[in-house]
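Chain naming here is simple, since letters A, B, ... match the order of the sequence lines and numbering starts at 1 in each.
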Amino acid sequence: MSAPAIAAKGLRVVYRPGLFQRKRVGLAGLDLSVAENEIFGYVGANGAGKTTTIKTLVGLMQPDGGEAWILGQPAVDATARAGLGYAPENPYFYEYLTARETLEFYARLFGVDRATRRKRAGELLDRVGLSAAADRRVRQFSKGMLQRLGLAQAMVNDPKVLILDEPMTGLDPVGRHDVRGLILELKARGKTVFFSSHILSDVEALCDRAAILHDGRMVSCGRIAEMLSGKVLDVEMVLAGAAPELEKDLARLAVRSRRQGEELFLTLADEPAADEAVRLAVAAHASVRSLVRTRESLEDYFLRVRREAGAGGAGQQEEAGA
Amino acid sequence: MISRVLALALNTFREAVRDRVLYLLLVVGLAAVAFSRILGGLSVGDPLHVVADTGLTAVSLLGVMISIFVGTGLIYKEIDKRTVYTILSKPVRRGEFILGKYLGLVLTALVCMAVLSAGFLAYFPLQGGKVNWPLAAALVASMVEVGVIISVAVMFSSASTPILSAVFTSIVFAAGRLSYWIPDFMESLTRMKTGGGGLQAVLQVLYYITPNLRIFDLRDHAVNAVAMPVAGDLALRALYGACYAAVMLICATLVFRRRRF
């Protein structure tokens, strides 16, 4: 069996802000395993430890304890990064270089020859929609363009594993759509994509598996479909032509009801209540415009897991001073 | 490894040569060389000595200014602007990064010093001077000195802010130019039997840790016809400079390896 694309065991990072300040735990013994050709979402509130994990995986930070591996090689070893692509959140580049020069410079760090560098830079700029700005200095780029260039530089070595820190940040809806397409395309090409995001709908739509981080600890990890219970939370119903008598009867059944023009919006607690509401509406010759079951989303799950983790006392952020 | 170091060095060079301050320094240096004849006319003694001395000093000062003003921010700027994120997440070792940045700035300083030297060596014969081996050796020696100062600047830059690094590098530069008098001073202390064992120990440590930059100052030999050291001696001085720079770069790497980004 081949090694996981990304793995970590007991990863521990402690921040020491100053001599007389309290230490802060960035990661508190994190275990992680991402299989090859998986899209893995990494979710957590600000300060949960997402970027700390990523920086440890890509060699920007040495852990205080534990170990991490990329494609079976220790992450602290520079050679492990030969098959890795990393796009930081809000990437920064040398402002005096053009987009094309930037990509050629990064390709050179992987020992790519001149002809291949040229060809690959052109292809990647085209792929992220920056062909028209290829020969413009990076200092003239907008935030969204920098984000696109950040993704392009992460692919400059055609890596097997991509680690993307908040790849949708700063992108407009078109940009976000493009990045979602890019991530799916990378998976189709056999790549492993690990990305952190605050946009939970993206994680839900794209990822095979996801992990939720809270105060430097992983509080949940698994397949999204298994994480979400599938339980119906409530039923949303929209009626038209409801007479005042029917509205009064339905208000007794509903958790919430609201009238907007000729339409009546109802929130019903469960499916039996919805069945009864439909029966009453049909009997009163009202028109049922819409009937939608609301299931638990990743956002609902995330908030629930965070609440439970917080209540369980996982929020030990500080250690005794030095 | 070589291709990565080369890529980093060339990128550093490209960044530095797009800095307008560099051109300003070069213009000031060329102006100093051009006006040296006027200074020579105003001074007592041979005006050509003043032209030669000013030219050599301008080349040396240009290198020192580049070392201090650019070198002390070299590593810090990469961290501050977060460009280091996309470099150290590639298969680049931290030592390779330090070496690449160092070589890039050395190349920048050498190119600038070579341009100013060319200007000076073209101007000097026009004033009746003769370009000879001591003059060329003095120019090369000041370039080796700049290589040493840049390594000190890079070492401080890997650990501190540009302002502090500039202060520390300037102190090391001044100490390096003056450290030659420490053995004489210690001998005087011994002769006077004033005790001062503690002071002697401090002076001894200072003497060994600061670079002896005096050995790269060959202006007296080039201008005042003091006998030039033999080629073997000059090679040893260059070797000393290379070893000192290597030690500084190793220290910089050790400091930089501990840093988190």
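- If you measure heavy-atom distances from B:V5 to chain A, you find no contacts under 4.5 Å at all.
- Residue pairs meeting the salt bridge (Lys or Arg N to Asp or Glu O under 4.0 Å) criterion with at least one partner in residues 58-77 of chain B, sequence neighbours excluded, are B:E15-B:K77.
- Every residue two or more places apart in sequence or in another chain that forms a salt bridge (charged side-chain N to carboxylate O under 4.0 Å, His left out) with A:R127 is listed here: A:E185.
- Residue contact with chain A, scored on non-hydrogen atoms closer than 4.5 Å, involves the backbone and the side chain of B:R82 alike.
- In this structure, chain B has no heavy atom under 4.5 Å from any part of A:P91.
- A donor-acceptor contact closer than 3.5 angstrom links the side chains of A:K55 and B:Y85.
- For residues 134-164 of chain A, the interface with chain B (any heavy-atom pair closer than 4.5 Å) comprises A:R137, A:Q153, sorted by residue number.
- Between B:R260 atom CZ and A:M61 atom CE the span is 5.5 Å, to the nearest 0.5 Å.
- Of all residues spanning residues 105-120 of chain A, those with a heavy atom less than 4.5 Å away from chain B's heavy atoms are A:F105, A:Y106, A:R108, A:L109, A:F110, A:G111, arranged by number.
- Taking B:K81, B:R93, B:R258 one by one and counting their heavy-atom pairs under 4.5 Å with chain A, the maximum is reached by B:K81.
- A donor and an acceptor atom, one from each side chain of A:Y92 and B:E78, are nowhere located under 3.5 Å apart.
- A pairwise comparison of heavy atoms in B:K90 and A:R81 identifies O-NE, 3.1 Å as the closest pair.
- Taking both residues in full, the closest heavy atoms of A:L60 and B:S89 are given as CD2-N, 4.4 Å, listed atom of the first, atom of the second, then distance.
- The side-chain heavy atoms of A:L97 and B:N11, taken from C-beta on, include a pair separated by under 4.5 Å.
- Two residues are said to be in side-chain contact when any heavy atoms from C-beta on lie closer than 4.5 Å; A:Y94 and B:T12 fail this criterion.
- Note on B:R94, B:R259, B:E96: by heavy-atom pairs under 4.5 Å with chain A, the leading option is B:R94.
- Around the CG atom of B:L236, the shell of radius 6.0 Å holds more than 12 heavy atoms that belong to other residues, nucleotides or ligands.
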